[in-house]
Amino acid sequence: MRLKLVTILAATAVMFLTASTPAWAIQAANVAVSVVEPAQAVLVVKTDVISDMTVDFGSSPGTYTATRTSNGLVRHEVTLDGLTPSGVVYYRVTVTESGNPANTATLAENSFRTTRPAGEAFSYAVGGDDRPDTDTVVQPLVWGTIVGQMASEGLDLVLTVGDIIYGLPGDSLERAAAKYDGFFAVTSQITGGVPLYPAVGNHERIAYAGSRSAFEREFTLPANNGAEAGTYGEEYYSFDNGDTHFISLCTELPGQEGLITGNQKTWLENDLAATDRTWIVVFMHRPLFSGLHPGDPWTNPLDPVGQQNKADIHSLLQQYGVDVVFQGHEHFYLHHQEDGIQYLITGGGGAPLHSPPPLAAGDIFSVAAFEHVKVDETRNTLQLTAIDQSGQTLEAFTIWALDINLVLDNVYWGSYTGYILRDLSVDYTLANDDAADISNIQVTGLDASGGVASITGTPFSVADLAAGQSTVITVDYMVSPGITSFSTFTYISCEDLDGNAYEFPGPYPG
Ligand SMILES: [Fe+2]
């Protein structure tokens, strides 16, 4: 018995001596492509120990034509420059523990795309309120599901509408940073290939020094907000991609919570006035319309300062032609339309769901669901699709760059002969409600449901319409006896004075 015991002890000792996998293998906690521009981008790499980092990159898979390095840090930021607009950049990261070259790791190759020129289509996604419900660094499971959906959508960028973490007023810089590490532990599956642009939520707690420093340290964002670039450079900002100008507003600036005022409001007006992009998309945390938080200045009807600010901000967005405003704070999906601006609440990122309020004036659709919104952008259209965590479409709609409207005016038998021949006439008013003149207008196709066929041949031309003008179009359908109702589908194409072509509601399917 004694001999056997000695043998076991000896074997245990040998196992310790030959253990070959170091417990200290270096981990890349976060890789995030950031501040992507036409010819450069910032690559952020964060490791669990102080490290040296090398990134090799180029325009073909596996072929690297440039190298950047950063040494002796936990969080590295390197600028990759000399890039091609709308070009795919392939890169490979190697991290090594500073002072311990044996502890090294090379990550799998990843890629991202630099920003598109105007006229080139791309897709992006919007989500938010992915914060945990308690004081933890662990993100809700469903946020991982949503990030996985985004990873399969072929996106150029992701916007989030705030409440990234569950911050507490007393959080130290390191405690708040650990919560962002928890966010990136899940979200890094997309941020290595798709830049993520956040808006600041109330749960980021930026009124408190530790939390604010952590937000500013853990995200690398555009800093272009003029007077406040030195103090709130990353809290609100704007950037371009394709035909869209994106604006991230901060509803949480200390002392201005729930408002857009002061320097930020001045900057917003200047920024809106300066853009020449077709689409203007704003994203921020608290909703201007349809909110439920009774104490919020924009939501509380008894708060005169808040209500005046709400009216001022909405009219500013309207004046400069903002198309879509993405918001969060309420943990549901809600589509509200106000004076032609689509206000979407997309707060179903993982925090406990709220029941949306009953639909009120201007509200179009709402649902309590874990969800995100995918946007397909072209020069002529924005297609928005709200998708739940199982992949089901909750709502989908399209908005057009030109404001052209077709309204059914009159349905009639044009004559007794027409009645006998079942030739039904339909009058539509085609209105150019845009500020641009349009020409080369054609009705490209006429379809109808229920076996009804158009008699009028297509395509046919319609007279040019200056801004604000309208005209009546009359077409005829063959409606067999017994048909009491049917739907018609009219396809129209036109051009603006710059020669851009538009198709409503899209190309005629034939
Ligand atoms: Fe919130």
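Read the numbers this way: they start at 1 and go in the same order the structure lists the ligands and their atoms. Count residues from 1 along the sequence.
Shortest distance from the Fe ion (ligand 1) to His329 is reached at ND1 (N/O/S atoms only). With respect to the Fe ion (ligand 1), Asp163 has OD2 as its nearest N, O or S atom.
The pair Arg277-Asp243 does not meet the salt-bridge criterion, since no charged nitrogen lies less than 4.0 angstrom from a carboxylate oxygen. With salt bridges taken as basic N to acidic carboxylate O contacts below 4.0 Å, none links Lys265 and Glu269.
For the salt bridge (Lys or Arg N to Asp or Glu O under 4.0 Å) test with Asp171, the passing option among Lys179, Arg205, Arg212 is Lys179; the others fail.
Here the straight-line distance linking atom OG1 of Thr115 with atom CD of Glu120 works out to 10.0 Å at 0.5 Å rounding.
In summary, His285 places an N/O/S atom under 2.8 Å from the Fe ion (ligand 1), meeting the contact criterion.
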